Number of protein chains: 2
Amino acid sequence: MKVTIKDIATICGVSAGTVDRALNNRTGISEKTKKKILQVAKEMNYQPDYTARSLVMGKTMTIGVILFDLYNRSFAQLLNAIEVKARELGYFVNITLSDKKPESEIDCINYLKGKVDGVILFSVNKGEQFESYLSKFDIPIITIFNYVSEKWEYIGIRERQAMKDAIDYIVGKGYQKFIYISPPLAYIGKSNIYTQEERLNGFYEGLEKSGIQSEPLIIKNIEYIEELENITFSKNEKVAVVCSTDLYALKVMHYLKKQGVNIPEQVGVMGFDDIDILEYVTPRLTTVKYPIEEIGRRAIESIVNKIEHGDFVSTPLLDYEIIKGESI
Amino acid sequence: MKVTIKDIATICGVSAGTVDRALNNRTGISEKTKKKILQVAKEMNYQPDYTARSLVMGKTMTIGVILFDLYNRSFAQLLNAIEVKARELGYFVNITLSDKKPESEIDCINYLKGKVDGVILFSVNKGEQFESYLSKFDIPIITIFNYVSEKWEYIGIRERQAMKDAIDYIVGKGYQKFIYISPPLAYIGKSNIYTQEERLNGFYEGLEKSGIQSEPLIIKNIEYIEELENITFSKNEKVAVVCSTDLYALKVMHYLKKQGVNIPEQVGVMGFDDIDILEYVTPRLTTVKYPIEEIGRRAIESIVNKIEHGDFVSTPLLDYEIIKGESI
DNA sequence: GTGAAAGCGCTAACAT
DNA sequence: ATGTTAGCGCTTTCAC
């Protein structure tokens, strides 16, 4: 049967309060009794009941995480980092998935309500209505990647600057014509696609800075490969296809290879994310790498600090690195 | 502030017991009072306190999951399925990662002790000692993928038969020489690599059935690419490189392409898992697909049934499908 | 049909 | 230094 604090108290001939003092390193107990209690507890293989502790302390020792799904390759790394860091600080993690549906995200929040001490939110919602909803939610929330507003603590990377630098790099390679692929942009105004918008902004800024004249083609269609099918890539044009995510870039490369187009001579391809499977793909995709695990760890640290000491640990936007592959 | 059952009781002029009856559809309450209570609860936006409920019911409504990491591409699908199904049945999911270290897996089990009502275990441990350890763990456990012993409920796929069929298929394509790559086999006897062993068994059975004479080369070295570097693939030999996991196969293809080896004419490559990124890789890898999400769902269903009604729902080994690509 | 009371295992405030 | 008591929010038993 389950060993409780009471059992130990009875055996040691002390009260439950004293056992509590011993078990939790509190003051007001003699070394002698403490030692004895600790030993008995160990012998009996005592395991504290976290539920009871939560109830009396009003804390669940759990952090909720809301993501839209787990299919983005980098989320595995993110969750790994979150899980490890949380455990290190004595917290559990409860992951919920919104499946990219704004309504479903609200469900997740409701679901976590009362079950967790804080929430790490990669939001697909935004807007006033959503914010007023979030405001009623009385536990700490930290947003990651998709910015909601200045009211909410945020951790992210310098997406805009990263894409701007990437364009700079590409122009340096002699590319003059640009195609930009980012299907999520179709959801502009409908859901929170902050990171995607920032990347696009960086793209424009990069073009401007480099003085590129020709108008870029922006593809927001999820059937972006079909859009490419309408384009004939002439031998001496050097078109750069900039993709807002590695997955799009991989699909584009796959298509181009099938068409017998030379990469990077004829068409260059650029990705963003540096997902781990790039290691297995030829040619090596040129992309932007950012410290996703760092984001996870910092999010946990910050929210735990908020829970325990009242303040978030604010983090500057994290830096990135351009991975120079062979695709552009 | 938080609304409790007591608040509602006071407002409605009834006792807490009655509120409980109304909120939880219990018998012994008049329609009238029930309706009123429900309405007040809604108006006040009452949210039950799951911690308190857990304490009194002795159940946490949480299922623990132990995996070694999240980097295997298919685990995202597995967890997605688990998460969704668990929520559907009213349970939370608490994921812990053992990082492939047997000691760390024990930590995970200890960690989950008392925090969950049941555990889904993808074990890296095995052996008598481990089993006696598991036996002391007094909540239901269901093992997936890596079989521990007949004492533990298990859900998996027909790995052996799948690999056997795959070999049959490959032989049918005219391949006569075989290389088998499976680095986890180096841990034989040290950790639980049941699925990998089964695949290897299937490989041997397949060769035997097909009457292949030439001895296969079995590579158990994690530096398997380096091993391949020592091999010269002649133009007219048709060597089949069978990999126990898609990730190895991708790396092998990547290497062969760099070497200018023709796939599948000169060397054929076979994978196992059908991870989603295969979609982006040329040539399309031939591989084995199995219903990983089904495993997740069934594991949850079975363990919840055990928790609530005392019995697991036993599941036959699940079936697979050979995905005929262009790599072999 | 409803109320009162006990108690889940633990912590914290107040006595001694 | 230690014991006593109350109570976290809920469920459940037993009266009425």
Side-chain angles (χ1 to χ4, degrees), chain A residues 1-38 40-41 44-62 90 92 113-117 138-139 307-308, chain B residues 1-38 40-41 44-62 90 92 113-117 138-139 307-308:
Chain A
M1 263 319 295
K2 198 171 179 181
V3 184
T4 74
I5 223 169
K6 247 182 171 172
D7 301 328
I8 300 179
T10 314
I11 291 176
C12 295
V14 297
S15 74
T18 302
V19 175
D20 180 59
R21 281 183 266 260
L23 257 24
N24 297 288
N25 275 313
R26 293 187 224 286
T27 57
I29 183 170
S30 73
E31 269 307 316
K32 199 176 144 222
T33 41
K34 180 172 178 176
K35 207 172 161 189
K36 185 179 171 192
I37 290 170
L38 253 29
V40 171
M44 302 186 67
N45 190 28
Y46 168 77
Q47 298 287 140
D49 184 314
Y50 297 93
T51 308
R53 181 180 286 173
S54 290
L55 181 60
V56 65
M57 308 228 294
K59 275 187 63 185
T60 62
M61 299 307 284
T62 303
F92 307 53
K113 202 168 194 160
K115 297 194 184 79
V116 299
D117 298 333
D138 54 1
I139 55 173
I307 292 166
E308 299 183 349
Chain B
M1 263 320 295
K2 197 172 179 180
V3 184
T4 73
I5 223 170
K6 245 180 171 173
D7 301 329
I8 301 179
T10 315
I11 291 176
C12 294
V14 296
S15 72
T18 302
V19 175
D20 179 61
R21 281 182 266 259
L23 256 26
N24 296 288
N25 274 313
R26 293 187 224 286
T27 55
I29 182 170
S30 73
E31 269 309 315
K32 198 173 144 226
T33 39
K34 181 171 177 175
K35 207 172 161 188
K36 185 179 171 194
I37 291 170
L38 254 27
V40 171
M44 302 187 66
N45 190 27
Y46 168 78
Q47 299 287 139
D49 183 315
Y50 296 93
T51 307
R53 182 179 285 174
S54 290
L55 181 60
V56 64
M57 307 230 292
K59 275 187 62 185
T60 62
M61 298 308 283
T62 303
F92 307 50
K113 202 167 192 162
K115 298 194 183 78
V116 299
D117 297 333
D138 55 1
I139 55 173
I307 293 166
E308 299 183 348

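Order of the sequence lines fixes the chain letters, A, B, ..., with proteins taken first and strands second; residue numbering starts at 1 for each chain. All of these numbers come straight from a predicted model, not from anything done at the bench.
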Starting from [atom2] on [N], measure out to [atom1] on [X] and report it in whole angstrom.
X: E31(B); N: dT2(C); atom1: CD; atom2: P; result: 10 Å
X: M57(B); N: dT13(D); atom1: CE; atom2: P; result: 12 Å
X: I5(B); N: dG7(C); atom1: CD1; atom2: P; result: 19 Å
X: D20(B); N: dA4(C); atom1: CG; atom2: P; result: 15 Å
X: K36(B); N: dG1(C); atom1: NZ; atom2: C1'; result: 15 Å
X: I37(A); N: dC10(C); atom1: CD1; atom2: C1'; result: 15 Å
X: N24(A); N: dC10(C); atom1: CG; atom2: P; result: 10 Å
X: K2(A); N: dG9(C); atom1: NZ; atom2: P; result: 6 Å

State which of [options] makes the closest approach to the side chain of [X].
X: V56(B); options: dG3(C), dC10(D), dT12(D); answer: dC10(D)
X: D49(B); options: dA12(C), dG9(D), dC8(C); answer: dG9(D)
X: R21(A); options: dT11(C), dG7(C), dT2(D); answer: dT2(D)
X: R53(B); options: dT2(C), dC10(D), dG9(C); answer: dC10(D)
X: L55(B); options: dT13(D), dG9(D), dT11(C); answer: dG9(D)
X: S15(A); options: dG9(D), dG3(D), dG9(C); answer: dG3(D)

May I ask you to evaluate whether [X] reaches the phosphate of [N], defined as a side-chain N or O under 4.0 Å from OP1 or OP2?
X: T18(A); N: dG3(D); result: yes
X: T33(A); N: dA1(D); result: no
X: T4(B); N: dC8(D); result: no
X: T51(B); N: dC10(D); result: no
X: R26(B); N: dT12(D); result: yes
X: Y50(B); N: dC8(D); result: no

Can you measure from [atom1] ([X]) to [atom2] ([Y]) and round to the nearest 0.5 angstrom?
X: L23(A); Y: T18(A); atom1: CG; atom2: OG1; value: 11.5 Å
X: D20(B); Y: N25(B); atom1: CG; atom2: CG; value: 11.0 Å
X: T51(A); Y: M57(B); atom1: OG1; atom2: CE; value: 11.5 Å
X: D7(A); Y: Y46(A); atom1: CG; atom2: OH; value: 9.5 Å

**Item:** Residue whose closest nucleotide on DNA chain C lies nearer the 5' end, G28(B) versus Q47(A)
**Value:** G28(B)
**Request:** Using heavy atoms to find the nearest nucleotide of DNA chain C for A52(B) and G17(A) separately, return the residue whose nucleotide is more 5′.
**Result:** A52(B)
**Asked** Base, sugar-phosphate, or nothing: which does G114(A) touch, judged by heavy atoms less than 4.0 Å apart?
**Response** nothing
**Request:** For I29(A), report the nucleic acid contact type (base, sugar-phosphate, nothing); a contact means any heavy atom under 4.0 Å.
**Result:** sugar-phosphate
**Request:** Answer whether the closest heavy-atom distance between the side chains of K115(A) and T62(A) falls below 4.5 Å.
**Result:** no
**Message:** Contact between V19(B) and K6(B) at the side-chain level, heavy atoms closer than 4.5 Å - yes or no?
**Reply:** no
